[in-house]
Amino acid sequence: MPLIKSWVTSANSATSPFPLNNLPYGVFTAADGEAHCGVAIGDQILDLTMLEEDGVIAVGELPVFDVPFWNEFMEEGPAAWAALRARLSELLAQGGDDTLSGDADLRARALVPQKGAELHLPLLVAEYTDFYAGRHHATNVGTMFRGAENALPPNWLHIPIGYNGRASSVVVSGTDVRRPWGQLKSPDHDLPAFLPCRRFDLELEMGAIVGTASDGPITVAEADENIFGYVLLNDWSARDIQAWEYQPLGPFQAKSTATTISPWIVTKAALEPFRCDTPPREFELLDHLKDVGPMLYDIGLSVTLAPEGKAPTTIAETNYREMYYSAAQQLAHHTSAGTPMNVGDLLGSGTISGAEKHQRGSLLELSWGGKEPLTLDTGDMRTFLEDGDTLALHGAAKGDGYTIGFGPCTGRILPALKDPYAR
Ligand code: CA
């Protein structure tokens with residue numbers, strides 16, 4: 001599908017992350033100081049809360065955009081999702097419905113420049129689950145933690161391993177992240193100590209958002225239907241806390257500090273042209289997890305790191321198609337023992353690393369456990385994140401003359417508190 005042209009001319013550039021083909025959904029502070037639902041188009045945000053109040057758009061009998069999150073809209077279901085996308089396409093297309101394009105006053109009220117706009121979490125995150133479904137990442141980490149012969153646990157090629165995380169620590173891009181304290185192996189003796197994390201890291205992931213609730217096991221095809229859209233996701237990780245605590249129940253405090261997501265939900269509909277297959281299977285998957293079509297996406301991903309006051313360096317470049325399991329397979333697996341899933345559930349893909357060294361989606365892998373420091377373009381060296389560093393994830397699917405972007409997924413590292421229990 002080629003670029004669909006809009007009368008919002010900034011959306012027609014091949015490099016704009018938000019052409020009419022995209023239409024990603026977010027929440028922003030409107031002129032009245034209230035948080036409104038909006039859709040990104042070119043360098044503007046179209047205020048959907050206002051357009052719904054004015055009767056230009058209508059999703060159901062009752063308003064769904066009178067709340068500062070997309071959950072109520074998601075609950076309307078896939079037919080409503082398709083209908084809104086069609087209505088917005090009509091209103092924003094060059095030569096389309098002129099309700100908006102032909103009314104200067106309405107246009108001026110409904111379009112807000114993205115520059116300077118304050119963005120919020122686009123959804124109420126119901127629950128957050130983090131998977132470990134990238135084979136290169138799991139192999140690298142397993143090799144470092146357990147040795148090359150035990151790199152992949154015996155279950156890894158048969159199920160997408162995950163753990164239940166915390167929705168309460170999911171934050172929107174731009175939120176500062178404070179270096180945590182935790183129990184870790186003391187550098188001075190064999191016993192643990194409670195210290196500020198010394199090996200604070202990122203994890204480059206995609207987040208899938210559940211848009212339709214389910215109760216009981218669902219198939220991979222049903223799971224794909226139930227996914228509303230995708231965001232970039234950085235699962236901040238305290239490696240020294242993780243290495244001490246993770247056996248046998250997996251990460252807990254190591255992943256509890258924060259998880260950052262990008263501000264725009266890119267819908268499954270926008271990503272349709274970029275569907276691709278999972279890699280060849282070493283073992284045939286059991287029926288309830290079998291691939292039933294291309295359910296990964298060809299999305300270029302990169303990570304930049306900027307030391308305080310300095311220019312960013314690209315430290316990793318990879319692609320979402322490197323995953324071994326799709327989000328639909330993860331969601332199907334999640335429900336297989338009967339877990340109900342809710343609208344607004346967020347599933348982290350697991351760190352997305354490629355086969356090559358520069359394709360690794362965490363500093364743990366890039367610096368090989370701290371043994372091989374990276375040299376940034378600024379000349380600074382890094383093994384793990386330092387205070388003042390700004391980390392950013394970037395994602396782009398390249399279409400025919402257009403780009404589907406996600407907006408940045410950034411966070412700056414604040415120093416650990418001197419005393420986390422000070423009152
Ligand atoms: Ca993770």
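No experiment lies behind these values; they were computed from the predicted model shown. Atoms within a ligand are numbered from 1 in the order they appear, just like the ligands themselves.
- The closest approach of Glu203 to the Ca ion (ligand 1), by N/O/S atoms, is made by OE1.
- No side-chain donor-acceptor contact under 3.5 Å links Thr351 and Ser353.
- Its N, O or S atom nearest to the Ca ion (ligand 1) is what matters here, and for Asp130 that atom is OD2.
- When you scan the N, O or S atoms of Glu205 for the one nearest the Ca ion (ligand 1), you land on OE2.
- Nearest N/O/S atom of Asp235 relative to the Ca ion (ligand 1): this is OD2.
- Listed by first and then second residue, the ring pair (Phe, Tyr, Trp, His ring centres under 6.0 Å) pairs that reach into residues 262-282 are Phe18-Trp264, sequence neighbours excluded.
- Residues that satisfy the side-chain contact (heavy atoms from CB on, under 4.5 Å) test with Ala80, not counting sequence neighbours, are Val59, Glu76.
- Taken from CE in Met323 to NE2 in His136, the straight-line distance is 10.0 Å, to the nearest 0.5 Å.
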